[in-house]
Amino acid sequence: APTFTSTPLPTQVEPTATQAPIQQTATTVVEPSSTAFTVPTLVAPTATPQPTTQAAITTTYDDKSANLVYSGTWQNASNKKAYQKSYMTTNVQGSYLILDFTGSTFTILHTKGPGFSTIDVYVDDVLVGTINEKAGTIRYQRQWAYPGTLPTGPHELKLVFTGPGTTKGSIDAIIVQ
């Protein structure tokens with residue numbers, strides 16, 4: 001009578017991006033005449049879980065957040081229509097704030113109105129835009145969204161009031177994703 005023994009082979013078939021590896025095993029058949037030959041047997045792959053996409057994490061920094069570092073002269077202004085009912089203003093040209101963050105995009109909330117002017121937006125010391133806060137009537141929680149996508153890693157956002165000093169600039173909140 002033939003004798004059967006199973007011995008796994010050391011080779012594996014490489015999986016595709018969505019399959020588990022195919023394991024190859026072998027069955028050795030020994031005949032009475034002492035001649036042995038190997039019959040390969042394939043083991044079916046199991047399903048490989050597909051990666052899931054995580055939702056982007058959103059962090060909102062209010063104008064009073066300790067993460068915002070102000071330089072120059074800034075005053076707090078209150079209004080129930082502003083984000084968290086307050087925002088910061090300055091009328092000193094060159095006053096700025098810095099936010100160090102990790103994210104790929106951001107949106108700046110600010111106030112617009114007749115007495116407002118412009119704020120330059122820098123990311124990693126590169127000017128990426130200018131926010132025009134001038135408007136015929138005062139409006140709160142206006143949004144300026146960064147038009148691109150930043151590479152993964154830490155970044156520095158710097159907002160600089162460009163004046164003139166007879167007008168003012170505002171910051172209400174910064175939303176980072």
Side-chain angles (χ1 to χ4, degrees), residues 14-21 46-177:
E14 289 297 317
T16 64
T18 59
Q19 290 181 325
T46 57
T48 301
Q50 296 298 312
T52 57
T53 304
Q54 289 185 332
I57 297 172
T58 301
T59 304
T60 301
Y61 300 93
D62 183 46
D63 62 283
K64 295 177 185 174
S65 171
N67 294 79
L68 301 180
V69 178
Y70 291 91
S71 179
T73 304
W74 293 85
Q75 300 83 35
N76 185 267
S78 297
N79 189 288
K80 65 181 180 180
K81 294 180 182 178
Y83 180 80
Q84 298 290 320
K85 299 181 182 172
S86 72
Y87 60 100
M88 297 293 277
T89 64
T90 184
N91 63 354
V92 178
Q93 196 169 12
S95 291
Y96 62 90
L97 76 82
I98 291 177
L99 171 64
D100 291 320
F101 71 95
T102 300
S104 59
T105 190
F106 60 90
T107 300
I108 299 166
L109 297 182
H110 60 96
T111 301
K112 293 182 91 158
F116 291 84
S117 185
T118 57
I119 291 187
D120 282 345
V121 180
Y122 293 85
V123 175
D124 302 329
D125 293 321
V126 175
L127 179 64
V128 297
T130 299
I131 302 171
N132 181 359
E133 296 185 336
K134 181 115 176 113
T137 59
I138 195 155
R139 293 182 277 171
Y140 300 93
Q141 296 192 47
R142 300 294 95 191
Q143 295 184 10
W144 184 91
Y146 176 68
T149 302
L150 299 168
T152 302
H155 299 284
E156 179 186 84
L157 173 63
K158 184 176 184 180
L159 304 176
V160 181
F161 174 62
T162 54
T166 56
T167 61
K168 58 187 170 184
S170 74
I171 301 300
D172 196 352
I174 300 170
I175 304 164
V176 173
Q177 287 185 321

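Put simply, CD on E133 and CZ on R139 are 11.5 Å apart, with the number rounded to the nearest 0.5 Å. Here the straight-line distance linking atom CD1 of I119 with atom CG of L159 works out to 6.5 Å at 0.5 Å rounding. Between the CD1 atom in I131 and the CH2 atom in W144 there is a gap of 6.0 Å [rounded to 0.5 Å]. Note: M88 CE to S95 OG = 10.0 Å, rounded to the nearest 0.5 Å. Distance check: L109 CG to R142 CZ gives 9.5 Å after rounding to the nearest 0.5 Å. How far CG of D172 is from CD of Q84: 9.0 Å, rounded to the nearest 0.5 Å.
A donor atom on one side chain and an acceptor atom on the other are found under 3.5 Å apart for H155 and D124. A side-chain donor from one of Y140 and N79 sits under 3.5 Å from a side-chain acceptor of the other. In summary, the side chains of T130 and D120 do present a donor paired with an acceptor at a separation below 3.5 Å, with no hydrogens or angles considered.
In this structure, the ring pair (Phe, Tyr, Trp, His ring centres under 6.0 Å) partners of Y70, at least two apart in sequence or on a different chain, are W74. Not a single ring pair (Phe, Tyr, Trp, His ring centres under 6.0 Å) links Y61 to another residue, sequence neighbours left out.
Remark: the backbone N or O of G169 is not paired with any side-chain donor or acceptor of T90 at under 3.5 angstrom. Looking only at distances, no side-chain donor or acceptor of Q177 sits under 3.5 Å from a matching main-chain atom of I57. At least one donor-acceptor pair closer than 3.5 Å links the side chain of S117 to the backbone N or O of G163.
Stacking of K134 on the aromatic ring of F116 is not recorded, the 6.0 Å distance cut-off and the 45° axial limit not both being met.
Residues T89 and I171 have side chains not in contact (no heavy-atom distance under 4.5 Å, counting atoms from C-beta outward). At least one side-chain heavy atom of Y83 sits under 4.5 Å from a side-chain heavy atom of D62. Using a 4.5 Å cut-off on side-chain heavy atoms (C-beta onward), F101 and P154 make no contact. I138 places none of its side-chain heavy atoms less than 4.5 Å from the side chain of K112. Contact check for L99 versus N67: side-chain heavy atoms found under the 4.5 Å cut-off. When side chains are defined from C-beta on, I108 counts as touching V121, because their heavy atoms get closer than 4.5 Å.
When all heavy atoms of S86 and K64 are compared, the closest pair comes out as OG-CE, 3.2 Å. Looking at every heavy atom in both residues, P114 comes nearest to T137 through CD-C, 4.0 Å.
Heavy atoms from other residues, nucleotides or ligands lying under 6.0 Å from CG of N76 number more than 12.
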Criterion side chain to side chain contact (heavy atoms under 4.5 Å, CB included) on F161 and T167, from CA distance to verdict: CA-CA 10 Å; F161 174 62; T167 61; 3.7 Å; yes
Take T60 and I175 through the side chain to side chain contact (heavy atoms under 4.5 Å, CB included) test and state the conclusion after the steps. CA-CA 4 Å; T60 301; I175 304 164; 3.8 Å; yes
Do Y122 and L157 pass the side chain to side chain contact (heavy atoms under 4.5 Å, CB included) test, and can you show the C-alpha distance, the side-chain angles, and the key distance before you say yes or no? CA-CA 6 Å; Y122 293 85; L157 173 63; over 6 Å; no
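Just one residue in the list T107, T59, L97 forms a side chain to side chain contact (heavy atoms under 4.5 Å, CB included) with I174, and that residue is L97.
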